[in-house]
Amino acid sequence: METIEQTAVYEQPQPLIGGKHDYGTITDKISSDVLEKKTPKGLFMAFAVTFSLVMLLLLAVTYLFLKGVGIWGIRIPIAWGFAIVNFVWWIGIGHAGTLISAILLLLHQQWRNSINRFAEAMTLFAVACAGMFPILHLGRPWVFYWIIPMPDTMRLWPNFRSPLVWDVFAVTTYATISLVFWFVGLIPDLATMRDKAAQKWKKIIYGMLAMGWRNSAKHWHRYESAYLLLAGLATPLVVSVHSVVSFDFAVGIVPGWHTTIFPPYFVAGAIYSGFAMVLSLVIPVRKLYHLEDFVTSRHLDYMAKVMLATGLIVAYGYAIETFTAFYSGNRFEHDMMINRMFGPYGPLYWMLILFNIALPQLLWLKKFRQTPWMLFVVSIIVNIGMWLERFVIIVSSLARDFVPSSWAIYIPTKWDWFTFFGTIGFFLTAMILFIRVLPMISIFELRTLLPTSKSNHE
Amino acid sequence: MNHFEGPRPLLDRIQQSALVVGGLGACALVVGAIFSAQQFFQSYLFAYMFVLSFAVGSLGILVLHHMVSGRWGFAIQRLIEAAARTIPLMALLFIPILAGLSDVYPWMNQNGMPQGPLMGFKQTYLSVPFFVSRAVLYFVIWTVMAFTLSRWSHMQDQNAGAALTRKMRLLSAPGIIVYVLTMTFAGFDWVMSLEPQWYSSIFGALIIVSQVLSTLALCIIALRLLAAYKPFSGFLKETHFHHLGNLLLTFVVLWAYMQVSQLIIIWSGNLPEENLWYLHRTGTWDYLVVPLVIGHFFIPFFLLLSRRTKRAMARLALVAVFILAMRLADMFWLITPAFHPGEFHIHWLDVAVPISLGGLWLAAFVRNLKGYSLVPLHDPRFEPALERVENAVGAEG
């Protein structure tokens with residue numbers, strides 16, 4: 001038949017699991033990486049570096065508590081320096097995990113099964129890093145709970161019209177749902193670990209965490225409905241959290257912050273940076289643990305495409321923002337844009353355009369999407385680019401206030417850098433511990449990707 | 001139910017009645033245009049932007065469909081191709097807007113154009129030659145994209161090869177970018193510039209989301225009408241409606257999200273050059289605002305959350321009809337207060353022009369539907385599904 005030949009001309013996608021695998025080999029491979037095999041040397045070396053950075057974080061935070069926020073580079077009018085830049089950067093990174101676990105689940109994107117566990121863990125640790133910054137920035141971090149609305153003897157209430165208060169709600173909800181979602185998804189695998197573990201103490205720990213999972217049909221039934229409900233709850237969070245973060249800026253009238261495209265463009269940027277971070281982590285881990293059969297080049301290709309698409313939305317945001325600044329004819333909008341491009345922080349702006357917009361266009365080429373090291377390089381570039389974006393938005397707008405006499409330049413101090421690198425160390429340490437003690441790929445969900453499994457219901 | 005007949009008689013009937021309504025309406029419009037030219041042009045712009053949604057929105061969904069290749073997309077592919085091929089007609093219908101520029105756009109007059117040292121950019125951007133050449137450019141780009149994609153798709157029906165699928169995808173990837181950019185600026189030009197001092201960077205995205213929502217609603221209604229006939233009777237299943245219903249829900253939510261984002265940001269900023277737009281659209285316009293909030297968001301949102309609504313095509317089509325009515329009201333709220341700030345105003349032409357333009361457009365759309373298979377054939381992404389259905393039908397019968 002002619003048709004069949006022609007169908008063959010059109011490239012059929014490769015299977016989502018490479019090599020020769022069945023239910024047993026998948027379970028063995030993923031569980032033995034945690035339970036039996038020796039920890040790769042590379043992991044120890046990475047841990048040595050990242051854990052030193054955690055110590056640096058402790059040092060920076062201790063000194064901050066002793067001295068106050070004056071050790072940072074912030075000064076009026078630039079009251080929001082690294083703390084807020086890093087907060088937004090980290091919270092954005094978390095978004096990929098929620099998108100992968102919730103939205104892609106609802107969209108029946110089966111390929112997510114290979115990476116969702118990993119991405120969700122990343123979300124949790126990124127949110128933890130993000131949460132540190134606003135609290136450290138408070139000046140009196142020990143009374144941070146004042147921002148939570150609760151009846152107290154002083155009759156103090158937070159200002160509900162302030163998006164900084166919405167942030168507290170958004171981020172705590174986000175952290176809670178992400179944690180519960182991640183843990184619920186882990187339960188069947190924890191039971192597998194319990195059953196596979198050889199030593200008694202491991203059996204006890206995994207057994208307690210598995211909460212009595214016995215693999216019965218009733219358990220699965222309840223699990224499936226709980227998981228779907230949690231996915232439904234998590235879906236709006238993908239959009240709402242970063243929209244609220246964008247309101248932190250946009251509801252004020254600071255030029256460069258006050259523009260209506262901010263919410264959708266921040267959300268796109270969050271997913272963009274999140275996927276970049278997933279790729280930056282998955283590519284080395286895949287190599288270290290020989291997971292090429294489970295995280296195939298097709299997975300990398302899909303993630304690269306999501307990155308390309310969201311990156312283009314971000315580019316749209318930049319373009320429209322620039323157009324509006326000139327179209328508005330507003331003195332402040334106009335001067336802000338000129339200042340952003342050619343002012344004291346101008347070079348950072350052009351670096352941002354290069355890193356966030358120009359270079360990622362390489363992903364149009366299949367070669368860059370499917371060659372791991374090339375994709376890794378692009379993902380690192382995007383991570384830096386998205387960090388620069390937050391820096392340019394926050395600092396360049398604040399540095400040029402409405403009143404020229406109050407203009408100033410912000411230069412981060414070593415304590416700013418220590419805190420920032422410290423959180424990166426904290427994040428990576430947590431990731432390393434996660435892949436060491438828990439199955440980093442969802443065993444039971446991966447099994448549904450096998451051709452023999454007919455769970456691909458419509 | 002005529003399971004084994006084509007929908008030709010139904011299509012003929014719709015086309016004829018649409019043409020009659022459109023034609024009679026056009027006669028009434030001539031009368032209106034003679035007696036109150038300014039009102040005619042203002043109503044015309046509102047009706048035009050509503051009808052344009054279907055043509056250009058279809059193009060947007062078409063390029064998206066070629067990229068994501070979901071099953072829902074193949075069910076409506078021929079509908080959106082036919083709708084996108086009405087773009088030349090929309091270009092023709094744009095002429096009255098050009099004729100009425102000075103009755104509609106304040107920046108045409110000296111005192112309507114914002115003045116100031118930094119207004120040079122805006123004055124150049126909103127000058128007649130630039131405005132007209134941009135419109136020409138948009139229509140040329142849209143027409144070329146719509147007809148190229150349609151032609152390739154029809155060539156594939158002749159069994160011209162799976163390589164065409166690759167070509168369609170190759171055009172659609174940059175096509176999405178081009179669509180989004182052109183429609184954003186068309187939205188700025190044709191709607192946002194009605195209040196030349198006002199600006200909102202989310203406005204283009206809002207127009208795009210609204211267009212896609214209108215088009216999805218139209219497609220659902222059309223599928224519901226055609227479902228009983230071949231070829232749809234052979235393969236349309238609840239899942240198709242379920243997916244389209246989910247998309248409809250997504251875009252209802254996106255519309256609300258963008259509207260609310262814009263409102264929160266402008267309301268809290270409270271700058272005089274921005275909040276005027278809302279002041280013009282409230283006052284007695286609240287009669288429209290309140291129903292829009294409830295009807296354009298809450299009612300469809302809660303209805304579409306239910307799986308039962310989405311899987312029952314008759315019920316889903318009813319929701320779609322309701323959404324289309326709300327889309328019309330929303331477009332009216334977006335445009336008309338620019339001419340009657342703060343005071344609710346409706347004219348008989350605001351009813352007559354949409355009916356007339358809608359009738360003409362519907363006739364053209366249905367005409368475009370005829371003559372080709374109503375589902376794409378020989379597309380390797382779709383064919384396996386189609387064959388399976390045909391085999392199943394054969395086994396049953």
Side-chain angles (χ1 to χ4, degrees), chain A residues 2-12 106-108 161-163 166 232 235-236 239-240 243 246-247 249-254 257-267 305 308-309 312-313 315-317 319-335 364 458, chain B residues 67 70-71 114-123 125-126 159 161-163 165-166 173-174 176-177 180-181 184-185 188 192 197-206 237 239 242 246 253-254 257-258 260-271 273-274 378-381 383-384 387:
Chain A
E2 272 177 49
T3 349
I4 292 170
E5 282 169 23
Q6 277 164 1
T7 312
V9 174
Y10 180 74
E11 215 176 308
Q12 287 298 324
L106 297 180
L107 292 179
H108 307 285
R161 279 193 183 179
S162 163
W166 311 343
T235 298
V239 178
S240 67
S243 298
S246 83
F247 286 148
F249 303 97
V251 300
I253 55 166
V254 176
W257 292 6
H258 182 69
T259 182
T260 49
I261 194 73
F262 255 37
Y265 132 66
F266 262 53
V267 171
K305 279 179 180 165
L308 182 60
L312 288 168
I313 301 179
Y316 174 84
I320 296 302
E321 206 184 5
T322 313
F323 172 81
T324 316
F326 291 109
Y327 176 86
S328 73
N330 178 309
R331 169 103 265 164
F332 298 108
E333 290 286 326
H334 176 273
D335 290 6
W364 285 95
E458 280 179 8
Chain B
M67 292 316 295
R71 240 166 306 171
Q115 301 296 325
L118 290 171
M119 288 297 175
F121 183 87
K122 184 174 277 181
Q123 284 160 0
Y125 187 78
L126 295 177
N159 214 349
T165 294
R166 203 181 133 71
I176 292 186
I177 302 172
V180 168
L181 283 179
T184 296
F185 285 101
F188 286 171
M192 196 168 90
Q197 73 287 359
W198 186 71
Y199 52 88
S200 167
S201 46
I202 205 174
F203 197 77
L206 181 64
K237 278 188 286 182
T239 15
H242 193 170
N246 277 335
V253 174
L254 270 180
Y257 169 69
M258 293 195 169
V260 167
S261 301
Q262 179 180 281
L263 174 67
I264 289 179
I265 291 168
I266 291 183
W267 172 76
S268 9
N270 207 14
L271 294 171
E273 65 265 38
E274 290 180 344
H378 307 301
D379 190 315
R381 298 169 294 175
E383 194 143 53
E387 266 172 15

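Side chains included, hydrogens not; waters and symmetry mates left out as well; all remaining heavy atoms used. Per chain, numbering begins at 1; letters A, B, ... match sequence-line order.
Distance check, rounded to the nearest 0.5 Å: CZ of A:F332 to CG of B:L271 gives 10.0 Å. Interatomic distance, B:N246 CG to A:L106 CG, rounded to the nearest 0.5 Å: 8.5 Å. Within the model, atoms CE of B:M119 and CG of A:N330 stand 8.0 Å from one another, a figure rounded to the nearest 0.5 Å. Summarising the geometry, atom CD1 belonging to A:I313 is positioned 10.5 Å from atom CD1 belonging to B:I177; distances are rounded to the nearest 0.5 Å. Taking OH of A:Y327 as the start and OH of B:Y199 as the end, the distance is 11.0 Å to the nearest 0.5 Å.
Only the backbone of B:W198 comes within contact range of chain A, with heavy atoms under 4.5 Å apart. Proximity to chain B (any heavy atom under 4.5 Å) is restricted, for A:F247, to the side chain, taken from C-beta onward. A:Y265 does not touch chain B: none of its heavy atoms, backbone or side chain, sits under 4.5 Å away. For A:R161, the part lying near chain B is the side chain, with the backbone staying farther off; criterion is any non-hydrogen pair under 4.5 Å. Neither the backbone nor the side chain of B:L254 comes within contact range of chain A; no heavy atoms are under 4.5 Å apart. For A:V267, the part sitting under 4.5 Å from any heavy atom of chain B is the side chain, from C-beta outward, and nothing else.
Here the closest non-hydrogen pair linking A:R331 and B:L118 is CA-CD1, 3.4 Å. Closest of all the heavy-atom pairs between B:S201 and A:I320 is O-CG2, 3.2 Å. The nearest pair of heavy atoms linking A:T260 to B:I265 is CA-CD1, 3.8 Å. Residues A:W364 and B:P174 approach most closely at CH2-N, 4.4 Å, considering heavy atoms.
Between B:F188 and A:F323, the angle of the ring planes stays under 30°, which puts this pair in the parallel group of the 30/60° scheme.
When B:I266, B:I176, B:T184 are compared by the number of non-hydrogen pairs under 4.5 Å with chain A, B:T184 comes out ahead. Per-residue counts of heavy-atom pairs under 4.5 Å with chain A were compared for B:E274, B:M258, B:Q197; the largest is that of B:E274.
With no hydrogens or angles considered, a side-chain donor-acceptor pair links B:Y257 and A:S243 at under 3.5 Å.
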